[in-house]
There are 2 protein chains.
Amino acid sequence: MTSADLTPTAWTILGFLSLHPRNGYQLRQAAQRSVGHFWGVSYGQLYPQLKLLAEDGLIEPDPEPAAAGAAGPAGGRSSRSAAPWRLTQRGNEALRGWLRRPPEPRQLRDEGLVKLLFSDEAGPTAMLELIARRRADVLLRKELAEQIVPGAHWPKATDRRPQSLLAARLVLAHTLTLCEAELAWCDTAEQLVAEHRGPLADHPPELRHDA
Amino acid sequence: MTSADLTPTAWTILGFLSLHPRNGYQLRQAAQRSVGHFWGVSYGQLYPQLKLLAEDGLIEPDPEPAAAGAAGPAGGRSSRSAAPWRLTQRGNEALRGWLRRPPEPRQLRDEGLVKLLFSDEAGPTAMLELIARRRADVLLRKELAEQIVPGAHWPKATDRRPQSLLAARLVLAHTLTLCEAELAWCDTAEQLVAEHRGPLADHPPELRHDA
DNA sequence: CTGAACATGTAAAAGGTTACATGATTTT
DNA sequence: AAAATCATGTAACCTTTTACATGTTCAG
């Protein structure tokens with residue numbers, strides 16, 4: 001049970017703790033902010049998983065010797081926040097093992113797209129509504145991502161800071177690229193619906209999407 | 001319990017049946033092929049849901065009077081296939097109601113991205129591997145999508161065929177657009193990792209991604 | 001005749017989300 | 001003093017996935 005059996009949520013916890021120690025609340029916040037749109041972490045899983053990880057000896061309470069230096073606006077916890085967790089040696093090893101294994105295939109559940117697929121009979125207005133809603137969602141996602149500047153506010157005193165911030169930048173770029181592509185799709189999609197509404201569309205004779 | 005309470009899978013079933021009648025097996029195949037990459041439908045859910053939908057009077061066995069016309073390579077069921085289901089009037093109404101309601105927010109679980117985010121310490125090779133794997137996945141997804149021609153092989157005799165095939169085209173375009181964007185990201189990402197590996201990267205002083 | 005594809009189901013387990021419940025601390 | 005934020009947890013529910021189990025039909 002030492003290394004391979006953890007739940008996806010548990011691995012995420014280890015990952016975030018590998019950047020620096022935090023408590024449960026901070027953990028969920030970090031996850032929410034930085035990977036929320038492609039990796040949900042809910043309280044319901046978080047605390048039980050923390051307990052399990054601690055029992056397995058993969059994480060432990062941080063003695064937090066790092067009260068050093070400037071208690072700047074970012075670096076220091078104000079007076080007393082709850083006990084942060086940190087990775088143990090074994091936790092670190094487990095994390096590295098996980099990172100080396102090939103990732104699970106990505107899973108997407110996009111009800112909006114499904115509705116769109118079936119909306120031929122529902123009419124162009126319904127389609128436009130789905131597209132508009134999607135645009136709004138993507139726009140929001142993109143704006144949230146743009147507020148992220150990879151790595152800022154890393155606690156100064158605490159070590160363990162990754163040598164580079166390349167990874168964070170790559171992930172950020174991924175988000176932005178896909179958001180932009182999806183916005184572009186929204187434009188074309190709206191156009192196509194509009195065109196279709198007008199000339200009543202001659203559609204090619206034989207085709208196939210579902211069989 | 002008539003209309004609003006169905007599971008996501010059940011709505012998908014209704015959606016596909018609204019295009020034309022099919023049996024469970026065909027249903028799963030259609031779902032797999034056309035929306036598999038953004039909407040999973042597994043056998044474990046499928047048959048129980050079919051039963052429930054039938055009990056609720058939203059679907060019923062198709063009397064299949066449509067043995068008419070050419071028994072071409074595509075149109076006709078060869079000799080005897082299993083009983084197909086079709087939408088009832090109430091099923092159709094329920095479906096339309098669902099289509100009008102705003103969709104659930106899309107949910108993504110992308111372990112590859114999470115691993116990438118934590119792979120700074122794992123090194124450039126690990127990163128490149130993650131990117132390469134992603135490229136392969138996306139490429140496959142794109143190729144599968146390209147084989148789809150919206151609407152072909154719709155059973156000729158059966159009516160209920162949507163007036164347009166616009167919806168299928170939009171969904172297809174969505175898939176292709178996003179695949180291409182992701183492939184472009186793979187290119188840049190690989191480049192960035194390579195650059196980083198070389199000059200040892202001067203990275204800007206203060207930043208922030210997770211806090 | 002043999003293997004592939006067709007076809008339908010069940011049971012168990014895993015996992016996640018939501019809602020509920022509670023209390024401390026900090027800010028207004 | 002009240003409200004917001006911090007903080008930790010539990011329990012029920014809901015779904016999906018996976019594995020198992022079985023039988024038929026069709027093509028080579």
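Naming: A, B, ... by sequence-line order, numbering from 1 per chain.
Taking atom CG on Leu108(A) and atom P on dT17(D), their separation rounds to 12 Å, with Å as the unit. Rounded to whole Å, the distance from CD on Gln49(B) to P on dC14(D) is 12 Å. The nearest whole Å value for the distance from the CZ atom in Phe38(B) to the P atom in dT16(D) is 15 Å. Following rounding to the nearest Å, Gln107(A) (CD) and dT17(C) (P) show an atom-to-atom distance of 12 Å. Taking atom CG of Leu46(A) as the reference point, atom P of dA19(C) lies 18 Å away to the nearest angstrom. When rounded to the nearest whole Å, the span between CG of Leu27(A) and P of dA7(D) equals 12 Å. Leu52(B) places its CG atom 14 Å from the C1' atom of dC14(D), with the value rounded to the nearest Å. Rounded to whole Å, atom P of dC6(C) lies 14 Å from atom CZ of Arg22(B).
Between Lys142(A) and Glu146(A) there is a salt bridge, with a side-chain nitrogen of the basic residue lying less than 4.0 Å from a carboxylate oxygen of the acidic one.
The distance from the CG atom of Leu165(A) to the CG atom of Leu172(A) is 11.5 Å, given to the nearest 0.5 Å. Once rounded to the nearest 0.5 Å, the distance linking CG of Leu52(A) with CG of Leu58(A) reads 10.0 Å. Note that CG of Leu46(A) is 8.5 Å distant from CZ of Arg28(A), once rounded to the nearest 0.5 Å. The structure places CG of Asp120(B) at 8.5 Å from CG of Leu19(A), a figure rounded to the nearest 0.5 Å.
Using a 4.0 Å heavy-atom distance criterion, Glu104(B) is classed as making no nucleic acid contact.
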(message) Protein within reach of the bases, or only the backbone? For nucleotides 8-15 of chain C, mark each nucleotide 5' to 3' as B, S or -, using heavy atoms under 4.0 Å.
(response) BBB----S
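Side-chain contact annotation: Thr7(A) with Gln45(A), donor-acceptor N/O pair under 3.5 Å absent.
Aromatic ring pairs are classed by plane angle as parallel below 30°, tilted from 30° to 60° and perpendicular above 60°; the pair Tyr43(B) and Tyr25(B) is parallel. Using the six-membered ring where Trp is involved, Phe118(A) and Phe16(B) have ring planes that are perpendicular, over 60° apart on the 30 and 60° scheme.
None of Leu139(A), Leu116(A), Asp110(A) except one satisfies the side-chain contact (heavy atoms from CB on, under 4.5 Å) rule with Arg134(A); the exception is Asp110(A).
Across its full length, the helix from dC1(C)-dG28(D) to dT28(C)-dA1(D) shows an angle of 30° between the axes of its 5 terminal pairs at either end, rounded to 10 degrees.
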